[in-house]
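Presented below is the structure to which this report refers.
Chain identifiers are assigned alphabetically (A, B, ...) following the order of the sequence lines, protein sequences preceding nucleic acid strands; residue numbering begins at 1 within each chain.
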Protein chains: 2
Amino acid sequence: MTKSKLSVEQCATELKAAIAGENRRVTSYDVAQLAGVSQSAVSRCFKPGASVSKDKHAAVMQAAALLDYIPNAAARSLITRRSNMVAVIITNQANLYYPELLAEVSQQFNARGKRLLLFTLQRESDVDRVLADVWQYQVDGVIAAARLSPEHIAEFDRRRMPLVLFNRMLRDHSVNTVTCDHLETGRLLVSRLAAAGHRQFGIIAGDEELSVAYERRRGACERIAELGLPAPVVVPGQYDYRSGALGLKAIIAQLGAVPDAIICGSDLMAIGCLDSARHELGIDVPGQLSVAGFDAVEPSNWVSYNLTTLRQPMPKMAAAAADLLCARMAHHDTETEKRVFSAQFIEGATARLTPVGARLAPVRTATGLPLPVAIM
Amino acid sequence: MTKSKLSVEQCATELKAAIAGENRRVTSYDVAQLAGVSQSAVSRCFKPGASVSKDKHAAVMQAAALLDYIPNAAARSLITRRSNMVAVIITNQANLYYPELLAEVSQQFNARGKRLLLFTLQRESDVDRVLADVWQYQVDGVIAAARLSPEHIAEFDRRRMPLVLFNRMLRDHSVNTVTCDHLETGRLLVSRLAAAGHRQFGIIAGDEELSVAYERRRGACERIAELGLPAPVVVPGQYDYRSGALGLKAIIAQLGAVPDAIICGSDLMAIGCLDSARHELGIDVPGQLSVAGFDAVEPSNWVSYNLTTLRQPMPKMAAAAADLLCARMAHHDTETEKRVFSAQFIEGATARLTPVGARLAPVRTATGLPLPVAIM
DNA sequence: TTGTATGCGTTATCAG
DNA sequence: CTGATAACGCATACAA
């Protein structure tokens, strides 16, 4: 036994040397030769539910280990037509929640045996260049946290490439989507602030080409109108820290006074607004002015800020995106679905709030589908 | 002309239908057939420096466009033995500078025609599982911002897989590395603080299994000893916000007093320390206590903090990593190189500092190689 | 259970 | 410049 094993090892070293000499990779043929079986037997040994006898399996695995053999994913994907890779397209915003998103999505797909091919966009316009790569690399599906045009969507359809949009809505298009109900979230924030007596609102919006920013702003405006409050002052922003200070000043200038509350399209802007109000303009927050944001990025929770904000259930959203995409990859004919989550209200300490009295209306989904999970 | 073109288009639609019927992909053979050329001609048309006649090229490209043909990267990588993919292995720390790293690295490699296969580690121990995937996917090289054991390094060598360590040092191992001179950075920080009169230091270290944390701490301690200052109080931390407050209290408890300055292994800890000092313990920073961090993450620059810290030149480091890896991928026999950058001192306002008088000693590299760029 | 033979879609080689 | 042909490394239908 020991003797035979030794000789196998000797053969292995010889074989490895030969392979290195030919300057090629270790293939299943090499393993087969060393183990004294056919190439297909080796292939089967590396396939989960294959039918191989116990001792043959052992022999193959030993040979494979001796040769440092690992199946070649490129060759496999060529024949199986699945690469087990998923592309993630993500805009390179200063958005502090993207790392969290990326970490969650990565974890979810790894758990499902998929690897992530990462595409970060400097500008939204890079998406065309990136898509060409996506097609080349034969990924099994795509998660897009970037703005896609209807033409892009059409190309996904044409190529039958499974797609899940993350926090990007595209009206009138049948495409898998995972989002928060940002409209409802905007409404909710106004409701809570109005209940505490705030009447004059200022809004620092994000880039309204983004559905997230648009919906948050629209939800807030809608609710303000419904409640018969004065029209809010809306100024644009870029989702970054600097926009917060600029927006605050623009609102004050436009209104000729400090409003009761400022709603910012993102935490970054809220934090910028807060810093400017407190340290630059000497405004008491929340005594004189309430400030609220969206996203609950890590710094919003720091003692210096303790921001009133709304948290997206990122882990659940990432899991949902993975589920949706995997389902679509398994059966191309599954119906598209929009999963809409609701955000969790974080009271924080930058807004004057009264304890929540009335329960809020249930979150509605755009498709009328049932809401998977109500986080509130 | 128009007539012939029309007929080509008709053929294209027919061909596409046939392909769809056979449920297969569009291949270079299909394009060749439609364009009336050989398959090799098609292949050449998609290769940058190929020799194809002008009109043939045009015909092929037209046919390709009509059929939505894109070369299959898996098949290409099978024959060329290059996948044009680079793996990035990154620990999923709350480290706020990782998104910046990822964005920069992504951009750098995309510019060089490489795609990123992303592997995020929940725990450092996941690295074994991840490496198996790395071998499978036939990536051309690996950027690792994670802790690798000498055994791991050995496996990279054995498989002749190009590797660049990012901000991880491995002593006594010949491996491409891009880092900041964290030792010098620690020394520098102490020098500046000592020059301003700080004598009693506290240090909140990071996880010292990480070379970054270890070197920052050691550099600081070394310099403190050299200057003949009292021994610093060193407490452990986890690189996160919470560790800052815990560390501060531990230092005060251990010392029985508030030290002159606290050096934190990361900005996150410095910010946590700062918040705790100011808002929890009522300590005046920098009047009573100076606080400094490392990394210059985005929040360190916010008005509420304006942290004294040191910035790693991330764009240059990412570019260096890409350069190093690409060089190694092109010629496997290039010598290993350690590129050591120096950090930029950010004065901020959380430490009492005197204007810099004496110039600092030049940064030294571990290998004695010239320093590529002195950022200071 | 096992081996044989074939094909996945491309690039490389070589003769014309 | 062009086309035929041979790899690349694997998975799978089929025969044994």
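In this structure, the side chain of Arg82(A) engages the main chain of Met329(A) through a donor-acceptor pair within 3.5 Å. When atom types are taken as modelled, the side chain of Asp140(B) and the backbone of Asn84(B) share a donor-acceptor pair closer than 3.5 angstrom.
As a whole-Å value, the separation of Lys54(B) NZ from dC1(D) P is 12 Å.
Closest-nucleotide positions on DNA chain D for Ala74(A) and Asp55(B) were compared, and the one nearer the 5' end corresponds to Asp55(B).
In this structure, Met317(B) and Glu104(B) have side chains that are not in contact, with every pair of non-hydrogen atoms separated by 4.5 Å or more. With contacts defined as side-chain heavy-atom distances shorter than 4.5 Å, the pair Ser83(A)/Tyr137(B) does not qualify. Inter-residue side-chain proximity for Leu66(B) and Glu9(B) is flagged as met; some heavy-atom pair is nearer than 4.5 Å. Side-chain atoms of Ile153(B) and Leu163(B), non-hydrogen and from C-beta on, do get closer than 4.5 Å to each other. For the pair Tyr29(A)/Val42(A), no side-chain contact is recorded, criterion being any heavy-atom separation below 4.5 Å from C-beta on.
On the nucleic acid side, DNA chain C contacts chain B at distances under 4.0 Å to non-hydrogen atoms, with the end points of that region at dG9(C) to dA12(C).
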### Task
Sugar-phosphate atoms are those with a prime plus P, OP1 and OP2; base atoms are the rest. Using that split, label each nucleotide of nucleotides 10-16 of chain D B, S or - for protein heavy atoms under 4.0 Å, 5' to 3'.
BBB----
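Between Asp323(A) and Arg112(A), at least one side-chain nitrogen of the basic residue sits less than 4.0 Å from a carboxylate oxygen of the acidic one, meeting the salt-bridge criterion.
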